[in-house]
Amino acid sequence: MAVYTLGVWTVKPGHEDEFVSAWTEMGNATMQAFPGATGTLLRDRDVPGRFISFGPWESMEQVEQWRGSPAFRDGVARIRATLDGFEPHTMDEVLTVR
């Protein structure tokens with residue numbers, strides 16, 4: 001089963017558009033470095049500065065390669081200026097209902 005990465009991003013008020021732009025750049029760089037990678041960014045309707053991102057990976061080794069890559073390191077470095085907080089998580093798929 002897939003391994004998922006999940007991030008909870010708390011964006012400084014007024015920096016939401018800048019965050020989305022920087023996250024998009026990181027996503028594009030990730031897809032170039034890791035063909036087939038996908039990611040989803042969600043925004044909380046009740047707390048507009050809270051975003052959640054997630055994406056599946058084939059293995060924990062692939063997650064570790066991504067987190068050690070310039071796509072991730074440089075991307076998060078650019079994003080950090082827009083943030084009040086960031087919580088990265090690694091999740092194991094348990095069940096999918098279709």
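Contact of the Leu41 side chain with the Phe19 side chain is registered, since non-hydrogen atoms from C-beta on lie closer than 4.5 Å. Between Pro13 and Asp84, some side-chain heavy-atom pair lies under the 4.5 Å cut-off. Under the 4.5 Å side-chain criterion, counting only non-hydrogen atoms from C-beta, Ser53 is not in contact with Thr40. Under the 4.5 Å side-chain criterion, counting only non-hydrogen atoms from C-beta, Glu16 is in contact with Arg43. Taking 4.5 Å as the limit, every side-chain heavy atom of Thr90 sits out of range of all side-chain heavy atoms of Trp57. Between Thr5 and His89, the closest side-chain pair of non-hydrogen atoms is not below 4.5 Å.
Taking the six-membered ring where tryptophan is involved, the planes of Trp9 and Phe86 are essentially parallel, since the angle between them stays under 30° and well short of 60°.
Between the side chains of Ser21 and Arg78, no donor-acceptor pair is found at a separation under 3.5 Å.
Here the closest heavy-atom approach between residue Ala37 and residue Thr30 is recorded as CB-CG2, 4.1 Å. A pairwise comparison of heavy atoms in Asp44 and Arg50 identifies OD2-NH2, 2.8 Å as the closest pair.
Under a hydrophobic clustering in which Ile, Leu, Val, Met, Phe, Trp and Tyr are joined whenever their side-chain heavy atoms come within less than 4.5 Å, directly or via other members, Val63 and Phe72 fall into the same cluster. Phe34 and Val76 fall within the same hydrophobic cluster, where Ile, Leu, Val, Met, Phe, Trp and Tyr residues are linked whenever their side-chain heavy atoms come under 4.5 Å apart, directly or through other members. A continuous path of Ile, Leu, Val, Met, Phe, Trp and Tyr side chains, each step under 4.5 Å between heavy atoms, connects Leu83 with Val20, placing both in one hydrophobic cluster. The cluster map of Ile, Leu, Val, Met, Phe, Trp and Tyr, joined by side-chain heavy atoms under 4.5 Å apart, puts Val94 and Val3 in different clusters.
Interatomic distance, Arg67 CZ to Met60 CE, rounded to the nearest 0.5 Å: 5.5 Å.
Ring centers of Trp23 and Phe51: at least 6.0 Å apart, outside the cut-off.
Remark: the backbone N or O of Ala81 is paired with a side-chain donor or acceptor of Lys12 at under 3.5 angstrom.
Residues that satisfy the salt bridge (Lys or Arg N to Asp or Glu O under 4.0 Å) test with Glu18, not counting sequence neighbours, are absent from this structure.
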